[in-house]
Amino acid sequence: MSLGQVLLVATLAVPAVGAAVVALLPRDRAARLVGTVAAGLTLLATLPLATGGRGWTAYGAAPAVLPWHRLDLPWVPGLDLRFHLGVDGISYPLVVLTALLTLLCCAYTLWKVPDGGGSGRALVALLLVVEVGILGTFLALDLVLFFAFFEVVLLPMYAIIAGWGGPDRRRAARKFALYTLLGSVLLLVGVYVVVAAAGTADLVALTGGAGLPRGTQLAAFTLLGLAFAVKSPLWPLHTWLPDAHTQAPTVGSVILAGVLLKMGTYGLIRIAVGVAPQGARWAAPVLGVLAVAAIVAGSLICLAQGELKRLIAYSSVGHMGFVLLGVATLTATGLQAALIGNVAHGVITGLLFFLAGAIKDRAHTGALAELSGLRETAPRLAGLLGFAAVASLGLPGLAGFWGEAFAVVAAVERGGPLWTTLGVLAAIGGALTAAYLLRLLRRVTHGRPSPAVGRITPGLAAAELTAWAPLVLLALAVGLAPTLVLGVAADPVAALVGVLR
Amino acid sequence: MSLVQSVDNVALLPAYLAAGTAVLVLLADLLVARAAAPLAVAAAGAVATALGSALVGAGGQRSTFCVAADCSYVFGGRAALVGVLFALLTLGVLALSGPALRAGQSPVGEFCFLLACSMTGGVVLGAAGDLITLIVALETLTLPLYVLVGLRRGSLASAEAAVTFFVVSVVATTVTLLGAALLYAVTGGLHLGRVGALLAERRDLLDVPLTTAAVALILLGLAFKVAAVPFHAWAPATYDGAPLPVAAYLSTASKLGGVVALLAVVQRALPAEVTGPVLAGLAVLTMTVGNLVALRQRRTVRLLAWSSVAQAGYILAPLGALALAAGRTADARAAAYAAAVAYAVFFVVLELAAFAALVALRPAGADGGSLDDLRGAARQRPWVGAAFALALVGLAGLPPGLAGLFAKVTVVRALLDGGAGWLALVVAVNAVIGLAYYLRLASGLYAPPADAEAGRGADVKAGPAPAVARPSGAVVVTLAVATLVALAVGFAPQLVLDLAAR
């Protein structure tokens, strides 16, 4: 086994073993510490994955997927399932983001376990299991393995929401589980539509269509597209999201918004578009229209939203709309915009949910009507909220800008009346995004302190700052140097666009 | 034709072992005064039967009771798998019934004897080569269960359950018999292979209305045994009235028997173009109705019963691919049969684990109780609760219950290989409905007890603590073994797939 293969296995094995150890350790605090260490080791294991061969040295045309490292072992030949892992420029930023956010959430849990009755160590164990599932989804280069990891995430996330969430958590958790299971069973059928027709589940071989007949590609894209649309979520299949995000504990919301939604958009790019390019071209206008509808609808709902976490949750619908619009254009610019939009949304919304959780924990309410004047009592918290909101609305120089701007650019570049209209509407949606985020800031930070806010003390715990600082820095770094993401993704995206033609 | 037949006693060894177990149990009960004696003999006999089946099966296919090329008893790979499964399930159920028997609910000797008889039927069933052997074996499997269901002393529900089960089952058997008789009238054969070859050869026979009637009657009679909708109404009442271990046996071994019988006739005797559409319809109805009704259940065993009705639908589903021409190519057919067997194997392992956990969480000899009785059970007994949750999640077909996930994957794959995409979508949507009630049961295990939530300030300890007794060792061992097997086949599903394809 080469070093890269060891790292790939370690990326999944460390959190899995960590989860088992955490679940078995009797002492709560020690167990949480072990979990945090495991999450840290996972992050360390993911970082050197970037050092892989990028070139294609063999004879013949380069395949559309060229992983830096790969590991291919047989598992269940009877189901065409191989333990096939690999990492390339499309998945690498998301892998690192997942490892980072999980580490931050574990560290945050070390400091504060959310109310709700469950033990902190169970929460950390579940976070690590979720991490295994998400990382596995991003690393899988086998369709069936991808599906299996996609499913791994579902129940632990359900348990996190149902065990540590807000007052209406059971209903929200059930809705989340059933909705996303509907998505993943469609994924299962779609995967085997492809496998039955192609006779292989190897993503490297399948990317580019692999000579699948048009009818199969259309059926496969419909099923896969619907599956990922539920997860992303695409309007009008998004209704599980606001409830789940609002009721989930802070760390749950961060993971949900930060990386779990990305499984949908990543799957759309890697699986649905990659495996069924003809289907993608056929469905692109529908996808584009729905994406723009999501942007506009999400923004309008946010303008009327009276609850802090719910507002941020709905803002995710809008932001993911930009990502999906980028994918729908099927151009290099659009896919690049989608990838950087993914990462930016993960960083910024993760931060926003951390801050919203901090405000709710202190003020004991999330209603915008009862929150005002935060900058009077907690200026640093208010400042951070302002930074995150501004980053979220897409201010140039911060991470949110690139994804949204270039999604619009890609749509306009694509040309034609439909795509130009979509581009313009998306731009208007971007303006609405600015409007509701500024409204949020005006309500929460400005004005005279409300009674709920008046009780807040200005101090921030060291654990909170530790959890937030990396996200703040990343939002700045990706904003100032988007090449951090775009650089690694350029070649794979070019290869993917190459097979789309 | 010689009237003297040579009998291959090696092929019959598993059946001898199973039948011998029953006789020995009876003798042990008569001669040894200790209550544990019949139990020990039955357990040892079950182990011997499992070993015998595995050993004989490993030696390749053996046939006996042959007339020319047609044999009434064929002990091959599938028969060995069925024999081993039946013996192990019997062993598991014996272990689960320890506490109930010790509580004096049922007479020990009779209980063990009847269970061993039922096991004999199951072992022979896997090897049946003609319709009469098949039906007699199936009856040998079911007859003792009528008594076992009603064996709970002083329980009216138990008696009612026994009568319901008896009446429905006898009617089903007669319907199957009538079908077999009509099929004999049409083809002049009873051996599965011979009937199959004849119907494949003479297509004009399929146009005779009598053939269709015969096929339909056989299928419907067997559909009763697997509790497929619309012939399922007996199952929930019977399961709920039966003692818990017997309910476990009914939903695992007895259901497996029905599946094996159905597979035998569908695979070898009956024409796929007639059975395919019927089975596809049965599968859709069974899983949909089973899942929808399970959503409304408040009693644990009824919920599990309805869920097992739905699971029977998933088992039948791959056979529905036979309804289409694309599903009738040799490869697709083999995949469909293998998928049905594989799903059945995954299912019985998970179902046994679920029932074992339920027995472990309930007081000795109690029935399944309502969902509220299990509230917070996992907080008091984390390991048993975790095993129960794992089994339920597996039945729902989700990780970490990987066995269940791969079971669903196997079915969907077989369906898509057979071109029956619409049926795959029905299975998929049903999996979502199924999750709803499995989650309710599983999350209830981890919920805070009702009285603790209602009055947090009030004296919680004074409230009636849910009766979570310490389970007996045998129950815990069964649960542990079933869970470990479920985990093992979850990580290495190829083992089951290989066995099922033989």
Side-chain angles (χ1 to χ4, degrees), chain A residues 16 19 23 74-81 116-119 122 129 132-133 136 144 147-156 158-159 161-163 169-170 173-197 199 201 216 219-220 223 227, chain B residues 326 332 335 338-339 342 379 382 386 389-390 393 396-402 405-406 408-419 421-436 438-440 442-444 446-448 452-453 491-498 500-501:
Chain A
W75 187 5
V76 191
L79 298 173
D80 284 324
L81 169 55
S119 69
V129 177
V132 174
V144 185
F147 162 75
F149 277 119
F150 204 81
E151 293 272 72
V152 166
V153 178
L154 203 152
L155 282 179
Y158 163 85
I161 301 174
R169 59 197 185 196
R170 289 192 178 279
R174 204 163 48 236
K175 198 168 169 186
F176 162 78
L178 295 181
Y179 249 97
T180 43
L181 179 64
L182 179 65
S184 48
V185 291
L186 292 177
L187 174 63
L188 170 64
V189 178
V191 160
Y192 274 104
V193 164
V194 173
V195 174
T216 310
L223 288 164
Chain B
R379 293 182 175 231
L390 186 74
V393 165
L398 281 175
L402 279 178
L405 177 77
F406 287 125
K408 292 267 186 316
V409 169
T410 313
V411 166
V412 168
R413 181 195 159 81
L415 283 171
L416 287 170
D417 277 348
W422 62 276
L423 200 49
L425 278 177
V426 175
V427 170
V429 171
N430 266 290
V432 180
I433 306 176
L435 180 68
Y438 286 121
L439 261 188
R440 203 175 69 208
S443 67
Y446 287 91
E453 205 164 60
F491 280 103
Q494 190 62 33
L495 291 176
V496 176
L497 297 178
D498 283 344

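Heavy-atom basis, side chains included; hydrogens, waters and symmetry copies ignored. By convention in this document, chain letters (A, B, ...) are assigned in the order of the sequence lines, proteins followed by strands, and residues within each chain are numbered from 1.
With B/Val412 as the partner, the side-chain contact (heavy atoms from CB on, under 4.5 Å) test is satisfied by one option alone out of A/Val193, A/Val191, A/Val185, A/Leu188: A/Leu188.
Contact annotation for A/Tyr158: only side-chain heavy atoms (C-beta onward) come within less than 4.5 Å of a heavy atom of chain B. Heavy atoms closer than 4.5 Å to chain B are found nowhere in A/Tyr179, neither backbone nor side chain. For A/Ala148, the parts lying under 4.5 angstrom from a heavy atom of chain B are both the backbone and the side chain. Neither the backbone nor the side chain of A/Val153 comes within contact range of chain B; no heavy atom of the residue lies under 4.5 Å from a heavy atom of that chain. Of the atoms belonging to A/Leu155, it is side-chain heavy atoms, and not backbone ones, that fall under 4.5 Å from chain B.
The two atoms that bring A/Gly78 and B/Gln494 nearest to each other are N-OE1, 2.8 Å, heavy atoms only.
Under the 4.5 Å side-chain criterion, counting only non-hydrogen atoms from C-beta, A/Tyr192 is in contact with B/Val409. In this structure, A/Asp80 and B/Arg413 have side chains that are in contact, with non-hydrogen atoms separated by less than 4.5 Å. Proximity of A/Val189 to B/Leu415: side-chain heavy atoms (C-beta onward) are nowhere separated by under 4.5 Å.
Distance CG/A/Leu178 to CG/B/Leu435: 5.5 Å, rounded to 0.5 Å.
Ring geometry for A/Trp75 versus B/Phe406: interplanar angle over 60°, hence perpendicular rather than tilted (30 to 60°).
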